[in-house]
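Everything on this sheet refers to the single structure shown next.
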Amino acid sequence: MAFATRHFVRAASSDAATAAAKKLLIKHVTIIGGGLMGAGIAQVAAASGHTVVLVDQSDEILKKSTKGIEESLKRVIKKKFADKPEAGAEFVKKTLQNLTTSTDAASVVHSTDLVIEAIVENLEVKNKLFKTLDKFAPEHTIFASNTSSLQITKMANATTRQDRFGGLHFFNPVPMMKLVEVIKTPMTSQKTFESLVDFSKAVGKSPVSCKDTPGFIVNRLLVPYMMEAVRLFERGDASKEDIDVAMKLGAGYPMGPFELLDYVGLDTSKYIIDGWHSLEPNNPLFAPSPLLNKLVEEKKLGKKTGEGFYKYK
Ligand SMILES: NC(=O)c1ccc[n+]([C@@H]2O[C@H](COP(=O)([O-])OP(=O)(O)OC[C@H]3O[C@@H](n4cnc5c(N)ncnc54)[C@H](O)[C@@H]3O)[C@@H](O)[C@H]2O)c1
């Protein structure tokens, strides 16, 4: 028995070693979508020595993304290189040297190890993109989506590389937030999964893994919590101000649920909850909220529009 156990342990560790040996070392990355998330991912990938091509629909958008990255890097060096301004300037220079932009994804993926998609949260649009890129990217290239609420499996099925497809869910703002959820579908190979975990670590993040389930870990817990706060307020049990104070001072959360909803965007939150509700209509945690729907209809979407649950003007 002792021998069998030892033998098993040795076999398991040698399997792990073989899988590790086969992992893909990701050096060249293409990021599609230069918005809030894509620009952040491009920044941390370039800052950690990867060569990055950032893709979006127009040069104008990409100029804005690059400017945002430069400003964010300046904030980073103020903290990280406070007493070494020359090293800070060198860090910015090297990071920007690692970064190029393009408006033509198909023409830049030919030499990429990893494609990270961070475009609009729409399955049809994402599938169309992945289907096209599947034809142009080399065989070894891994595809990953940064989606918050869509099924990775459905995107993987739009391609012929289901085993080289996974989720890389970064958090906003990317340069600050340490977490990445690495999502493994039933078809994602161990090699792909481990390569994505290694990449997440290489860009300075702490990866956790989750199956391809609605909301993965963080949003699956966070969104129903925020919706419960809205329902508590809708019933008139407590004011939104008191609920926010209670969760900050009583639970130690950095923001209250209404502050967080305004920060995330009420449209985004509504979109997520509506999607889950259609998947599981009888799950009370995924029930839509009349108040949230009303605010979205009135275009009160949170901080970005100057008003959500609170006013910011
Ligand atoms: N905002 C968040 O807090 C957050 C957090 C985690 C994950 N996400 C996910 O990240 C993704 C992007 O979100 P965001 O907040 O950065 O959105 P965003 O609107 O800021 O940026 C999306 C960008 O994609 C570009 N784009 C759209 N279609 C394109 C195409 N076919 N080809 C190239 N570029 C295209 C747009 O021009 C835009 O610049 C979504 O899937 C979202 O669910 C968002």
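Atoms within each ligand, like the ligands themselves, are counted from 1 in listed order. If you're wondering where the values come from, they're calculated on a predicted model, not measured in any experiment. The basis for the numbers below is simple: all heavy atoms, side chains too, and nothing from hydrogens, waters or symmetry mates.
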Problem - Heavy-atom protein neighbour under 4.0 angstrom from atom 17 (O) of ligand 1 - result: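 No, there is none.
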Practice task
Look up atom 8 (N) of ligand 1 and tell me if a protein heavy atom lies less than 4.0 Å from it?
Solution key: yes
Show me which atoms of ligand 1 lie under 4.0 Å from any heavy atom of [X].
X: Ser148; value: 5 (C), 6 (C), 7 (C), 8 (N), 9 (C), 43 (O), 44 (C)
X: Gly35; value: 16 (O), 20 (O), 21 (O), 23 (C), 39 (O)
X: Asn172; value: 3 (O)
X: Ile61; value: 37 (O), 39 (O)
X: Lys126; value: 40 (C), 41 (O)
X: His169; value: 6 (C), 7 (C)
X: Thr147; value: 41 (O)
X: Glu121; value: 40 (C), 41 (O), 42 (C), 43 (O)

Below 3.5 Å, N or O to N or O, backbone or side chain included: is there any such pair between [X] and ligand 1?
X: Glu117; result: no
X: Met37; result: yes
X: Leu36; result: yes

Note the single closest protein heavy atom to [atom], along with its residue, its atom name and the distance in Å.
atom: atom 10 (O) of ligand 1; answer: Asn146 ND2, 3.0 Å
atom: atom 22 (C) of ligand 1; answer: Ala118 O, 3.7 Å
atom: atom 40 (C) of ligand 1; answer: Ile119 O, 3.2 Å
atom: atom 33 (C) of ligand 1; answer: Ile32 CG2, 3.7 Å
atom: atom 28 (N) of ligand 1; answer: Gln57 NE2, 3.5 Å
atom: atom 37 (O) of ligand 1; answer: Asp56 OD1, 2.7 Å

What heavy-atom pair brings [X] and [Y] nearest, and what distance separates the two atoms?
X: Glu234; Y: Ser289; value: OE2-OG, 3.0 Å
X: Pro173; Y: Tyr263; value: CD-OH, 3.6 Å
X: Ala238; Y: Phe233; value: O-CD1, 3.5 Å

Quick check: is [Y] connected to [X] through a chain of hydrophobic side chains (ILVMFWY, heavy atoms under 4.5 Å apart)?
X: Leu261; Y: Leu291; answer: yes
X: Met226; Y: Tyr271; answer: no
X: Leu129; Y: Val120; answer: yes
X: Ile273; Y: Leu150; answer: no

Exercise for the section: Sort out for me which residue in Lys304, Lys303, Lys300 forms a salt bridge (charged side-chain N to carboxylate O under 4.0 Å, His left out) with Asp267. Expected result: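 Among Lys304, Lys303, Lys300, the one that satisfies the salt bridge (charged side-chain N to carboxylate O under 4.0 Å, His left out) with Asp267 is Lys304.
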Exercise for the section: Taking the six-membered ring of Phe258 (Phe, Tyr or Trp), confirm whether the NZ or CZ of Lys240 is under 6.0 Å from its centre and within 45° of its axis. Expected result: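 Output no; distance or angle outside limits.
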Exercise for the section: Examine the proximity of ligand 1 to Phe170 and report which part, side chain or backbone, both or neither, has a heavy atom under 4.0 Å away. Expected result: backbone
Handout entry: CE-OG distance between Met37 and Ser148, expressed to the nearest 0.5 angstrom
Key =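 Rounded to the nearest 0.5 Å, the CE-OG separation comes out at 7.0 Å.
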Exercise for the section: Flag the pair Lys67 and Glu71 as a salt bridge only when some basic side-chain nitrogen lies within less than 4.0 angstrom of an acidic carboxylate oxygen. Expected result: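 Salt bridge flag = yes for Glu71 with Lys67.
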Exercise for the section: For the pair Lys126 and Glu121, find out whether any cationic side-chain nitrogen is under 4.0 Å from an anionic carboxylate oxygen. Expected result: yes
Practice task
Would you kindly say whether Thr160 and Asp134 are connected by a side-chain donor-acceptor distance under 3.5 Å?
Solution key: yes
Problem - ligand 1 contact by Leu129, heavy-atom criterion under 4.0 angstrom - result: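 No heavy atom of Leu129 comes that close to ligand 1.
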Handout entry: Within-shell test, Lys128 vs ligand 1, heavy atom, strictly < 4.0 Å
Key =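 It does not; every heavy atom stays at 4.0 Å or beyond.
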